[in-house]
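Working notes for the structure below.
Here, residue 1 is the first one in the sequence, and each next residue gets the next number. The model shown is predicted, which means the values in this text are computed figures rather than measured ones.
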Amino acid sequence: MKNIRNFCIIAHIDHGKSTLADRLLEFTKTVSEKDLQAQVLDDMDLERERGITIKSHAIQMNYELDGQPYVLNLIDTPGHVDFSYEVSRSIAACEGALLIVDATQGIQAQTISNLYMAIDSDLEIIPVINKVDLESANPDEVEDQIVDLLGCSRDEIIRASGKTGIGVPEILRAIIERIPAPQGDPEAPLQALIFDSVFNPFRGIIAYFKIENGTIRKNDFVKFVATGKEYHADEIGVLKMDLQPCDTLSAGNVGYIISGIKTSKEVKVGDTITHVSKPGEAIAGFEEVKPMVFAGVYPIEAEDFENLRASLEKLQLNDASLTFQPESSMALGFGFRCGFLGLLHMEIIQERLSREFNMDVITTVPNVSYRVFDKKGNMTEVHNPSGLPEVTLIDHIEEPYIRSSIITTTDFIGPIMTLCLGKRGELVKQEFIHGNRVEIIFDIPLGEIVIDFYDKLKSISKGYASFDYHLHDFRDSRLVKLDVLLNGESVDALSTLTHADNAVQFGRRMCEKLKELIPRHQFDIAIQAAIGAKIIARETIKAVRKDVTAKCYGGDVSRKRKLLEKQKAGKKRMKQIGSVQVPQKAFLAVLKLD
């Protein structure tokens, strides 16, 4: 056990975690030359296309230092703020972390956020400056920033390059010398923490775990504490490039278990595995994830509802931060109300549903959860506008505020301040970190940043601002429900909760956008935005008309008028029975209104 090291790689998005992980795998000869490709651990097509890590990936490496063989368990983590839950789970399974900072960009918001998470879990931090081979690299200045942040000495910081492999031997030596071996007693009752799980259509659910205490053997009779279910361990093993079976695993090791579990509800990430005959305690300190953004997900064909449920359950195994519950909508039929950690997370889930399960879905406008207090003082949580009680019964509504940290250079302070204040933000403080880098802390309503805030921040700062946030508190707010009516019928999938000051402008923009996107029908369509019974904006889509007078040439004008009147009567009848088809892109465009 003294020769095992468990560590993860944490960094801001795009600071070169996966590339550095490739070099570690190559240097320890875990991956053969022929299998080596860029970002070898990112096994999803989506990850390769976008160049981001979505899932944490665990892998075991063998390395020999000074004649001693060592087992190194590496977990490569995502860097985007929407996947910070993945990072927290990876940290729970490690004793140390490589903190990677890009030599060209310096410390970013997510670097600080992930670092604090690691320090809270008492991990040993090894700071690494990556991309030192680039011409624009400024390692001395970045070294000053790291020393200010961590309070470490300059000798502890390793300079490396994921591309060329500079500094990789020093990193491996530091991992072995600085990161403590896992603590635990192989003879004690079994306690293994599940930190991830995946669904395999042939073998059922594969759970990844780290053993805190005890030993597990093949064919042992084990129990999952939170669900209370009992199984035989059909296969256990370690995570190399592929799953590698073995007969026993003891304390300190990271591995997987296959026990023929078919239903996803029976495996919970953060659960403890123990023996039925000699049970151990459940491992404490693991918390449920709290979704930030809610949206309805509906199948395009009504009969796909059950398939969508099965697909979401399988996705939830692989992504424990996704939550969902059934709901129905007048316009879209039966579907699910899903909770996501952010907009990128929502986009990824939608994309994965389409690619991995061939599910075509419609997603409604995302919104956050509000607390609604009635006149009697009772509080209900509302996740979507249709769940809002009658206006006459509401005393006040509270909305969630986030505490956001934005790190940028001094050139962009003005535009960023304007953006945040335009989103009803309140400046908390502003402090200079190092040189011309500044950290601005704002309290902003979560509902305001949920749609397009991140995109705008990146464009006004030319990509130089980094953003991180956590839920801060709930505050009183003047919110109204904005309905969209098509021919007088409310479309609940398009209704939103918005601040009273923004409602008129937002309603007007929504009507204009829908006018562009809804195709012309055989009858006139009135698009209206309304607050309660008050209409605040209107657009009309004109009917498609056939030129019925084309066959009249010459003769009396009454012949033409007769044909036009006949057509007009037909259109009127059509309007009474015709229904308006709203295309999928109309629902999506409302998200990107600006």
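- Ion pair Glu327/Arg337 flagged as a salt bridge, since at least one NZ, NE, NH1 or NH2 atom sits closer than 4.0 Å to an Asp/Glu carboxylate oxygen.
- Sorted by first and then second residue, the pairs that involve residues 220-230 and meet side-chain hydrogen bond (donor to acceptor under 3.5 Å, both in side chains), not counting sequence neighbours, are Asp220-His275.
- Looking at Arg5, its side chain does come within 3.5 Å of a backbone N or O of Ile176 through a donor-acceptor pair.
- For Tyr70, the OH atom is densely surrounded, since the number of other residues' heavy atoms within 6.0 Å is greater than 12.
- Residues in residues 92-115 take part in these salt bridge (Lys or Arg N to Asp or Glu O under 4.0 Å) pairs, two or more places apart or across chains: Glu95-Lys210, Asp102-Lys131.
- In this structure, Glu170 does not pair ionically with Arg173, as no charged nitrogen and carboxylate oxygen lie closer than 4.0 Å.
- The pair Glu313-Arg309 does not meet the salt-bridge criterion, since no charged nitrogen lies less than 4.0 angstrom from a carboxylate oxygen.
- Each of Leu123, Asp120, Leu99 was evaluated against Leu115; a single residue qualifies, Leu99, per the side-chain contact (heavy atoms from CB on, under 4.5 Å) test.
- Of all the heavy atoms in Val147 and Ile157, the pair that sits closest is CG2-CD1, 3.9 Å.
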Any chance you could lay out the ring-ring contact (aromatic ring centres under 6.0 Å, His included) test for Phe224 and Tyr231, step after step, and finish with the verdict? CA-CA 8 Å; Phe224 287 49; Tyr231 309 97; 5.2 Å; yes
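- Below 30°, between 30° and 60°, or above 60°: for Phe305 and Phe336 the angle between ring planes is below 30°, a parallel geometry.
- Using modelled atom types, no side-chain atom of Asn213 and backbone atom of Pro189 make a donor-acceptor pair closer than 3.5 Å.
- Looking at residues two or more places apart in sequence or on another chain, you find no side chain to side chain donor-acceptor pair (under 3.5 Å) involving Glu64.
- Remark: aromatic rings of Tyr401 and His472 are distant, center separation not under 6.0 Å.
- A distance-only check finds no donor-acceptor pair linking the side chain of Asp304 to the backbone of Asn307 [under 3.5 Å].
- When atom types are taken as modelled, the side chain of Ser161 and the backbone of Asp133 share no donor-acceptor pair closer than 3.5 angstrom.
- Partner Ile216 forms a side-chain contact (heavy atoms from CB on, under 4.5 Å) with one of Asp247, Ile257, Asn253 and no other, that one being Ile257.
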